[in-house]
Enquirer: 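This is the structure, below, for whatever I ask next.
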Amino acid sequence: MSRSTAVLFLLLLPLILFFPYYASPFPDRFLLPALPPSIEPQQYLDPTLPPFLPPTAISFCSISALNHSFANTYGLPPATANFLLPASCPPPWSRVVLDLSVSCHGDQYDRIAAIWIDGAEILRTSTAEPTASGVFWTVRKDITRYSSILRRPGGVNLSMMMENIVDEVYTGIYKTNVSLEFYPDSDEDDDDDESDLDDEQVKLIPLLDDPADVILPVSSQNSSSGFWFRIQNQSESHFSRIKIPQNTFRAVLEVYHSFHSNDEFWYSNPPDAYIKENNLTTERGNGAFREIFATIDGRFAGVILPFPVIFAGGINPLFWSPVVAIGAFDLPSYNLDLSPFLELLLDGEYHSIGFGVTDGISFCLVDANLHLWLDSYSETVTAKLVRYESPPLSVARTNKFLHLNGTFKIDAERKIHFSGWLNSSMGNLTTDVNQKVKFKSSVEFQNDGNYKAVHLKSKFKTEVKIKNSEDVILSRFSHKFKYPLMVLTETLPGMNNTYKLTTNLTHTLYEGAAFFMLEKLITSKILSDKQEASGWMEVQDHSVLSGSARSQQVYQYLDGEKCYKRDLKAEDGMLLDDSVSNACSLAF
Ligand SMILES: *[C@@H]1O[C@H](CO)[C@@H](O)[C@H](O)[C@H]1NC(C)=O
Ligand SMILES: *[C@@H]1O[C@H](CO)[C@@H](O)[C@H](O)[C@H]1NC(C)=O
Ligand SMILES: *[C@@H]1O[C@H](CO)[C@@H](O)[C@H](O)[C@H]1NC(C)=O
Ligand SMILES: *[C@@H]1O[C@H](CO)[C@@H](O)[C@H](O)[C@H]1NC(C)=O
Ligand SMILES: *[C@@H]1O[C@H](CO)[C@@H](O)[C@H](O)[C@H]1NC(C)=O
Ligand SMILES: *[C@@H]1O[C@H](CO)[C@@H](O)[C@H](O)[C@H]1NC(C)=O
Ligand SMILES: *[C@@H]1O[C@H](CO)[C@@H](O)[C@H](O)[C@H]1NC(C)=O
Ligand SMILES: *[C@@H]1O[C@H](CO)[C@@H](O)[C@H](O)[C@H]1NC(C)=O
Ligand SMILES: *[C@@H]1O[C@H](CO)[C@@H](O)[C@H](O)[C@H]1NC(C)=O
Ligand SMILES: *[C@@H]1O[C@H](CO)[C@@H](O)[C@H](O)[C@H]1NC(C)=O
Ligand SMILES: *[C@@H]1O[C@H](CO)[C@@H](O)[C@H](O)[C@H]1NC(C)=O
């Protein structure tokens with residue numbers, strides 16, 4: 001079975017740029033061809049672990065925070081709603097869940113969106129591409145870690161931004177409902193024993209999931225264009241000025257980002273020399289390496305290696321119907337432990353926290369939340385940065401090409417070690433942060449550019465140790481990411497100026513985290529989310545004439561208590577299999 005409805009996919013500036021015909025095996029952005037109109041609205045999905053709800057929480061409060069239709073919203077400020085917490089739902093909460101429901105019908109590109117609370121981002125999401133009969137989906141995200149911003153007594157402003165274009169061709173209006181669910185904390189004796197300070201020394205070190213006391217948005221002050229920063233090139237950096245409480249003893253910067261326009265498929269971009277020598281008109285260049293770094297007062301403070309999220313119109317839109325690409329509905333955020341740098345921030349003054357994108361071209365949307373934990377027994381914490389080892393990125397690039405045939409390889413590595421002590425009521429603790437980044441990419445063109453192979457291997461590891469003044473490691477937290485990606489695309493010229501793109505894709509997100517106290521394992525988790533897709537589409541000028549695709553996905557999550565596995569299979573827009581089990585084939 002194949003889809004055979006010709007639908008226009010037109011140039012939509014500034015988000016899309018064309019490739020000349022002969023360079024079209026580049027991953028590009030396409031509009032999903034419409035399904036026959038008789039079909040019912042279809043549910044789209046992106047498997048994730050359902051929020052873990054307290055078993056005793058029979059009654060919870062649900063607040064409808066925002067209902068909004070994103071029609072022709074390009075250039076408009078975010079939709080905003082002020083809401084107060086219902087008195088019947090006082091903090092503390094054991095869980096808070098964000099529920100976003102979206103529906104759309106017509107023709108439309110995928111769009112990027114975000115939700116902020118008082119300028120702090122709580123969700124980065126993108127949309128499915130609609131069909132004439134309609135699509136809908138729901139994102140449920142555990143947002144308990146943002147509890148401190150939700151419990152502000154005067155109420156909070158929730159904003160959602162989604163830049164959409166609606167006209168005669170693009171008719172899809174994204175209708176959204178945002179609600180929040182608050183689950184009461186039934187276990188009230190949790191906080192009773194805090195006075196017993198000595199015994200609690202180790203316990204006071206915040207556990208993996210303990211929400212911060214204060215969250216400061218590191219985002220754009222000009223909310224009329226969204227709270228995110230738009231980073232257009234590698235020399236551009238954006239920052240926010242923030243002042244932190246002087247009794248902060250732990251600081252974690254949570255970074256959100258997404259790549260768009262010329263950098264949407266950054267992992268497949270060739271170097272500029274290839275584009276120039278072949279007289280290509282594309283601006284998708286600057287090679288296939290990207291890295292997002294954070295700065296404090298202009299000083300490098302850590303780095304993240306981005307997981308390549310593929311949006312629903314990307315590469316071959318038939319791949320992402322009805323199961324979207326990994327993370328497309330809930331893009332990952334990344335944590336950087338800035339505790340070793342507290343010396344620079346604890347003086348009661350304003351400081352700049354900023355971002356840049358190594359090798360970035362237009363554009364990347366970045367912002368962050370600074371999560372802060374406060375010493376409740378002391379008004380000031382003193383700190384000192386004692387080790388700052390941040391050698392420059394070591395990168396080797398091999399570029400070999402003859403006309404449109406070529407092989408481009410990048411090997412990059414970085415090792416970072418920051419260490420700082422801080423004196424608080426918990427004693428004199430030293431935080432050691434180690435980061436290791438390993439990046440390997442190969443972009444290959446054969447057959448005069450009509451065959452393109454993209455191979456990406458990113459590895460990214462962070463280890464945080466907290467030691468006391470006797471050098472005993474009180475706690476240790478290790479977090480690893482691995483993101484292998486392979487995209488093979490063949491272009492065959494057809495009759496009448498048509499061409500056929502055949503693509504094979506394999507994409508995986510591996511994440512492993514472990515938390516130890518006094519070298520005893522306290523919690524650990526593994527996530528493995530693997531997607532494979534293959535198919536073809538026939539394209540003429542700007543129209544998808546026909547195509548066929550199949551995909552399969554295995555999502556597995558394992559921690560000390562549970563395993564959650566979900567298998568999905570789809571073909572030509574139909575979900576053939578969706579089964580949930582607890583038979584994980586993962587091991588620590
Ligand atoms: C959203 O719509 C529902 C159903 O009409 C309504 O109950 C709810 O109050 C609305 N929420 C907001 C924030 O307007
Ligand atoms: C939003 O809520 C209203 C009222 O419950 C419902 O009719 C509508 O279908 C919802 N929209 C979405 C996108 O879920
Ligand atoms: C929320 O929005 C209102 C009106 O737009 C504004 O007056 C208020 O300062 C905002 N509150 C916060 C906490 O940003
Ligand atoms: C804020 O952003 C809007 C939209 O991009 C722009 O028109 C306006 O000039 C900006 N304002 C400031 C103060 O930068
Ligand atoms: C980077 O982008 C900024 C903002 O668009 C621009 O002013 C600047 O000239 C650009 N720099 C380079 C090197 O392209
Ligand atoms: C690119 O354009 C230049 C100048 O027009 C021309 O000399 C050269 O042969 C062209 N190269 C290719 C590969 O078409
Ligand atoms: C360390 O912090 C504690 C509690 O804040 C304080 O009482 C003590 O004087 C500090 N020690 C030093 C050497 O500053
Ligand atoms: C490019 O490679 C193909 C084989 O993949 C070969 O047939 C073709 O001649 C090569 N083109 C050039 C200009 O070398
Ligand atoms: C904390 O410990 C470090 C070494 O572990 C030491 O150099 C520093 O002086 C201590 N700070 C305080 C305030 O005692
Ligand atoms: C995709 O995989 C199939 C089966 O392994 C293979 O026959 C085909 O050549 C591959 N296509 C591309 C574009 O690599
Ligand atoms: C080629 O395209 C033209 C215009 O789109 C159409 O009229 C013609 O029938 C097509 N020819 C073939 C062989 O498909």
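The first residue in the sequence is number 1, and the count goes up from there. Just follow the structure's listing: the first ligand is 1, and inside any ligand the first atom is 1. Predicted model, so just to flag it, every value in this text is computed and none were measured.
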Enquirer: What protein heavy atom sits nearest atom 13 (C) of ligand 10, and how far away is it?
Expert: Thr502 O, 3.6 Å
Enquirer: Using 0.5 Å steps for rounding, measure from the CG atom of Asn423 to the NZ atom of Lys384.
Expert: 14.0 Å
Enquirer: Who's the nearest protein heavy-atom neighbour of atom 4 (C) of ligand 5, and how far?
Expert: Glu236 OE2, 3.2 Å
Enquirer: Does Asp210 pair with Arg250 as a salt bridge, N-O distance under 4.0 Å?
Expert: no
Enquirer: Of all the atoms in ligand 5, which lie at a distance below 4.0 Å from a heavy atom belonging to Ser235?
Expert: 11 (N), 12 (C), 13 (C)
Enquirer: Using distance alone, with no hydrogens and no angle criterion, decide if Glu490 and Thr502 have a side-chain donor and acceptor under 3.5 Å apart.
Expert: no
Enquirer: Output yes when Glu444 and Lys409 qualify as a salt bridge under the 4.0 Å nitrogen-oxygen rule, no when they do not.
Expert: no
Enquirer: Would you say the side-chain atoms of Ser548 and Asp572 include a donor-acceptor pair closer than 3.5 Å?
Expert: yes
Enquirer: Show the atoms of ligand 10 that are less than 4.0 angstrom away from any heavy atom in Leu488.
Expert: 13 (C), 14 (O)
Enquirer: Take atom 11 (N) of ligand 5 and look for protein heavy atoms under 4.0 Å from it; say yes if you find one, no if not.
Expert: yes
Enquirer: Could you identify the single nearest non-hydrogen protein atom to atom 5 (O) of ligand 9 and state the distance to 0.1 Å?
Expert: Thr430 OG1, 4.2 Å
Enquirer: Minimum heavy-atom separation for Phe319 and Gly535, please, with both atom names.
Expert: CE1-N, 3.5 Å
Enquirer: How far is atom 8 (C) of ligand 10 from its nearest protein heavy atom, and which residue and atom is that?
Expert: Asn504 ND2, 3.8 Å
Enquirer: Do any non-hydrogen protein atoms sit less than 4.0 Å from atom 2 (O) of ligand 5?
Expert: yes
Enquirer: Going by distance alone, is a donor N or O of one side chain under 3.5 Å from an acceptor N or O of the other, for Asn269 and Arg284?
Expert: no
Enquirer: Report the nearest protein non-hydrogen atom to atom 7 (O) of ligand 9: residue, atom name, distance rounded to 0.1 Å.
Expert: Trp421 NE1, 3.8 Å
Enquirer: With heavy-atom distances below 4.0 Å as the criterion, list the atoms of ligand 5 near Asn233.
Expert: 1 (C), 2 (O), 3 (C), 8 (C), 10 (C), 11 (N), 12 (C), 14 (O)
Enquirer: Would you tell me whether Asn247 and Thr380 have side-chain atoms, one donor and one acceptor, within less than 3.5 Å of each other?
Expert: no
Enquirer: N/O to N/O below 3.5 Å, does that happen between Thr382 and ligand 9?
Expert: no
Enquirer: If you have a sec, work out which protein heavy atom is nearest atom 14 (O) of ligand 9 and how many Å separate them, to one decimal?
Expert: Asn428 ND2, 3.2 Å
